Each structure stands twice: as C-alpha cells, then as structure tokens.
Amino acid sequence: MDIIQHHPRGALLAITFGLSTTGLALSPGGGPSFIPIIGLLAAILIYTRSHEIQTYLAQWIVLTLSITISHSGASLSALSSPFMSIFMLSIMSSVSALFALIPVYLSHLASQTFPTHRVMIFPTLWTLTWLCVSQSPIGRLLTWTPLSGTSSYDWILPILGLPGLDFICASWASVAAECISTLLSDDGSAKDETLIPDLVSITDSETAAVTDRVGTTSRGSLISSAAILLALTLPSFYFSLLPLPAHSNIAENTPLRVACILPPPDSSSRKSQLDQFIDETKKYVSSSNVMVWPEGAVTFENEAEKNDTLSKIRDEVFATGSPRLWVGVSFLQRVDGDKKIGTRDGMYRNGMMLVGEKGVEFTYYKRHLVPIAESFAQLPSSIDPPLHIVQLPRPKDVDKDDWKTPRPVVLTASICLDFSSPIFPSGLSSFVPGDDYSAVSSVRPSLILAPARTWDTRIGETMHSLARARAQEIGAELLWCDGGAGGLSGVGNDIQVGWGSWVKVIGVPYHGDSPITAAKPTIYAIAGDYVIIVLLLGVWGATTVPFLGSVSRVSFTGFFSDTLKERIKQKVEDVQTRLRERITGRRRTPTPLLIRIEEDEEERLI
C-alpha cells in the first residue's frame, strides 16, 4: 500500500501490465478470467482519474504490449508467417485496448455530472461499448468478456447473455475502485471524489446539508451495489447448467448418445480422407445416435463429388438400416466464380450437412470466417442456423412402457467462429417430420452440433469456452468436435484434447411429443441483446429521478435562494445595466456572485 501511495503511477501501471497479461490470456481456463479482469479494470479506473491525456496514452501502450505478449504464443502459427501473425496480433491488441479505454474516459466525464451514480456509470458504458464492438464480423474476439471463473453468475446467461457478465464484471470493478480510492486517500474518505463539485461558494447551511445527503447517497449506493452483486450469486447454489444425468429419470430425460469422429492421422495410409472418416464412423454406428465430423473433414471440388460422397455414406454407414443415427458431415465445397455475388474461382464454402437414413436432412454454411486466414479463400453465409427435429426410437435397454413412441430431439448447428456472435436459430427446417410441428415457429434446441478446427490448444480452449457460453444462452447442450492439432473436443465438462473418436451419453429434457409442451426458447434467445438494454434503461430510470430531485434542491438553495420576484427583478436590472454600458461605453466592474448573494442576505435581514 505504501508503494502505491508514494509511487502511484508506476505501481498502477505495473499492476495493469500484470493483471492484463494474466487476466486476458487465452489459457489457463479458456479465455479472459473473471477475477483478474475485475482487478485490471479497477486499476485502470484509479490510474486514469487525473483525466490527463498522458495517463490514457500510457495505459493504452501497456495494455497493447501485455495483450500482445499474452497471446503471442498461440498466434505464431495463425497465418503464413510468424511476423505477419504478430503484426496482425499487435494491431488487434491495440484496437482492443482502445475500445477498453473509451468507456473509462467517458465514465470519468459523466461522473462529473452524475457523481452519485459513478458506481453504475462505468458498468453501463462498459457493457454498451462491448455490445457495439461485438456486432463486428469477428464478434467477441476483441472483447474482454470473462469466460472463466464466472460459475457464480453463469445462471444469468439464458436471460442476459454475455453482456450480463460484462455488466457484473464492470460493476465489481467499479465498486473495487471506489473502495481502494477511499483507502488510499489521505483523510480516509473519498468524499471529495463523490460529492457534487461546488459551482459557487455556498454559505447557506441548508444547501450544505443537502450536499452532505448527496454524498451519503453515493456511499450508500456503493454498499448497496456490493450487496446486490453478492446476492446475485445465490441462484447459482440452486441452478446448474451442466448436462442432465442420462438415466436418472427416463420419464423426464431422454438419453442421447453423441460422438465426435476424429480418426488418428495416418500419413502412410493409402486411403483417402473420406475413406478414413467413413471407416471410423462405422465403428460407432451401433453405439451412437448423433455423430459429428470436425470442420472441413472432407473437400468437394464440385457437386458431383458431393453427391458421390453422400451415396457412399448411405451405402456403407447406413447399409444395415439405422433409424436412430444421424451424422453431421463437415465439408469444404468449391464454388464457381460469379462477380454478381462476389465470388471468384478457387473459393470454397464451409458447411455441415446432417445425413440420416433417408438422406440429407439439413445443410448449414459457416457465417463468420477467420479474418485473413479464411476470409480471402471462403465465402460466408448469411443464413441463420436451422432448428431440426429428429425422432429418436426407443433404445433396446429401455422398457416399452417408459418409451412408447419415438421422442423428438431438436438439433441445430454452428461452425467454430460462428460462436463469436450469438446463435439465433431461424426456425424449424422444412425437413421436420409430421404436421404437428409445422406451425411451431421456434422451440428450444436440445443439442448444437459444433464442428471446429483450431491451430493451437489455447485457441481451442478459448473457442470452446465461448461456444459453451453461447449454448447456455439458448439453453442447449454443445457437441464440440475440434479437428485441429491439439484441439479440444467434448460435451459438458467432459473434454478430450487431440485425436481419437469418442462416444458420450448425455440427457436432454423430454417435454412430451406435442409441440405445445415443447421447451420454449430462453429469454435471451427471444430478445437477444435488447434484454440488457431494457434492463439498463429501467435501472437508470428508477435511480435517476431521486438524484435529479437532490440536484434540483441543491441548485435551488445555491442559486435561487431569493424569491422568484427578486430573481426577475435582478435579471431586469442586469439587462438595463448592460444596455447602459453599451450606450455610454462605460463598463462597471462586476460584483462576484458570492458577494452579491451575501449583500442580498444582509439587506433582507435589515
């Protein structure tokens, strides 16, 4: 503490560098970490309170350097050369640091107008800033949204989504910054930082009392904010976002066997990539319901190759008839050059098709491409992922009385970087069997099929954490299948690193066979980011009205202590004086406002 008091700038910059290096690192934990980010934001808020441009410049340089260092190990092989990878990383780091400092600067400015709302101003601006940044093609890759250490607040994801975590993280940082500032102040009080700045010298005792009440309100809001943030952890003791037990209650849960097909690399094999995946898939036909191949598992140069592949999969994988099996075949397909739609020869589309016993049930194409690495060679899609219902027959080990008819399981899909943006399935696909569900515009998906391909384990861990958060936003389970070197694959908390196919059994909720009883979408799946915007407007509306009342009382006491008649008289005299000065060319020395107020008070007493 003494070091910070005697050398505040150097100490806070060192703290910023250390916390940003650890808190924003890609590992361990799978992305930005909750507690270190709180400390980092608190240090930035304290350091930049001087409002000097050099403080922001120093913070920007330190943040850019620390982010670049913490991400450099995982980014060296991202592009064709290490130099180009580090160059692009430094640019993205500087942009990320700049966006992080914008709400800090704006919050300090706004705190001068709304000092008693300082604790809430920064979280609001922080949340809205990253909400705007996340609308970019790379989504939340540049944001500081915590992805690890948030288990106490994960329950809000189906309601507020990732913006809710931004708000909570920034709220804790704002509370911490106010508390630390109080401890570091010379007199043990941060009263001068939280009270309304004096616009004039106020001699009226009533005005001073009102001002003290405003300061007390500021301290009260600090305590109440901390209490609310602690109270928001309570639901985590009663709600869990983990997968359901597979066989705990067959009447309410449907056991679903999911698999990720990752054949080990065999450079000596004479078999094609397609044959290796088909052979590996055939090993798990009898033990799986839903399989996924990793992103870009096979490549089609034309439509004929794609049709031949489908025929081969049907002949070999579904040869014996598999009414309870669906395979998510991930592929790259070459497209013809067409200037009208912005394509050129040699470009590919990155997609996944769900293949069942009767053929292709739906096809989805990747919407968000990795900048430079994919954006120049692939064509993005603009179509949202579909919702698709499959009918799961009764397993052989389940009694007929417990599973009388095939059960509906709702599937959807997204590919790797798509999870940097919210996943909003567009509605049921046209392949839904039966007429009962044809009128249903939206239901909650049970499982997201998520093929991926990352180039580093740390990148894979971060993307998996982001994908899990996106799945929790819409109330679905995630089947993550990463085919990259050292990639992560798994479902729930059961994670595998590297090659090797696997099968897991999970439970998905069963709500009956009728669309009326089907699980409805989460609040966030329905309203998206508008939920947090409405919440912020509501909170500000509820808290600003009392504040404006306090301000108006202070203003009335300080500026309008005279009666309305006297004020009008004074204004008329001022106008007459200015006209007289303009006509005669003489200028009277103005009387200070404080002296004028005191003279008026003396005349009134006499």
Side-chain angles (χ1 to χ4, degrees), residues 20 23-27 29-34 36-38 40-41 63 67 70-71 74-75 78 88-89 91-103 123 125-150 153-154 156-170 173 366-371 373-375 380 384-385 414-424 448 450 452 454 458-474 476 478 480 488 524-525 528-533:
S20 59
L24 299 176
L26 296 180
S27 63
S33 184
F34 186 65
I37 290 180
I38 292 176
L40 171 62
L41 293 179
L63 289 172
I67 296 173
S70 63
H71 290 66
S75 304
M88 292 302 302
L89 173 62
I91 292 178
M92 295 179 66
S93 300
S94 64
V95 173
S96 178
L98 177 63
F99 280 124
L101 291 176
I102 289 176
L125 294 173
W126 180 262
T127 303
L128 294 178
T129 297
W130 291 128
L131 194 60
C132 295
V133 174
S134 65
Q135 306 306 311
S136 68
I138 57 177
R140 287 195 171 265
L141 287 188
L142 288 178
T143 68
W144 292 13
T145 303
L147 297 176
S148 62
T150 60
Y153 295 104
D154 282 346
I156 71 169
L157 287 173
I159 304 173
L160 301 177
L162 288 176
L165 294 183
D166 283 333
F167 184 80
I168 288 178
C169 186
K366 189 174 183 178
R367 294 173 296 134
H368 299 277
L369 305 177
V370 178
E374 293 179 347
S375 57
D384 292 330
S414 282
I415 302 175
C416 202
L417 195 62
D418 287 337
F419 290 96
S420 64
S421 298
I423 305 299
F424 297 131
I448 303 177
T454 57
R458 289 161 291 187
I459 298 294
E461 190 176 10
T462 299
M463 286 304 306
H464 175 258
S465 298
L466 184 56
R468 282 195 63 189
R470 292 303 189 190
Q472 291 168 351
E473 285 178 340
I474 62 175
L478 177 76
W480 184 260
L488 275 69
Y524 185 79
D529 294 331
Y530 291 106
V531 181
I532 190 70
I533 296 176

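We count residues from 1, following the sequence as given. Here the structure is a predicted model, which is why all the values come from computation and not from measurement.
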**Message:** Listing request: all salt bridge (Lys or Arg N to Asp or Glu O under 4.0 Å) pairs with a residue in residues 134-147, at least two apart in sequence or in separate chains.
**Reply:** Arg140-Asp166

**Message:** Using the ring-ring contact (aromatic ring centres under 6.0 Å, His included) criterion, which residues pair with Phe419? Sequence neighbours excluded.
**Reply:** Trp480

**Request:** Output yes when a side-chain donor or acceptor of His368 lies under 3.5 Å from a complementary backbone atom of Pro137, and no otherwise.
**Result:** yes

**Atom pair CG (Leu478) and CZ (Arg470), whose distance is rounded to the nearest 0.5 Å** = 12.5 Å

**Interatomic spacing from CG in Leu488 to CD1 in Ile459 - rounded to 0.5 Å** = 11.5 Å

**Item:** Rounded distance [0.5 Å steps], OG in Ser93 versus CG in Leu98
**Value:** 12.5 Å

**Prompt:** Per the side chain to side chain contact (heavy atoms under 4.5 Å, CB included) rule, which among Thr145, Leu165, Leu162, Leu157 passes with Thr150?
**Reply:** Leu165

**Fill in**
CD1 of Ile423 to CG of Asp384, rounded to nearest 0.5 Å, is 9.0 Å

**Prompt:** In terms of side-chain geometry, is the basic nitrogen of Arg458 or Glu461 positioned less than 4.0 Å from the acidic oxygen of its partner?
**Reply:** no

**Prompt:** Where is the tightest heavy-atom contact between Leu41 and Ala173, given as atom of each residue plus distance?
**Reply:** CB-CB, 3.4 Å

**Message:** Within this structure, what is the CG-CD distance for the pair Leu417 and Glu374, rounded to the nearest 0.5 Å?
**Reply:** 7.0 Å

**Asked** Which class fits the ring pair Trp144 and Trp126: parallel under 30°, tilted 30 to 60°, perpendicular over 60°?
**Response** perpendicular

**Request:** Could you give me the CA-CA distance, side-chain angles and deciding distance for Leu147 and Phe34, then say whether side-chain contact (heavy atoms from CB on, under 4.5 Å) is met?
**Result:** CA-CA 7 Å; Leu147 297 176; Phe34 186 65; over 6 Å; no

**Request:** State, with a plain yes or no, whether a side-chain heavy atom of Tyr153 is found less than 4.5 Å away from one of Cys169.
**Result:** no

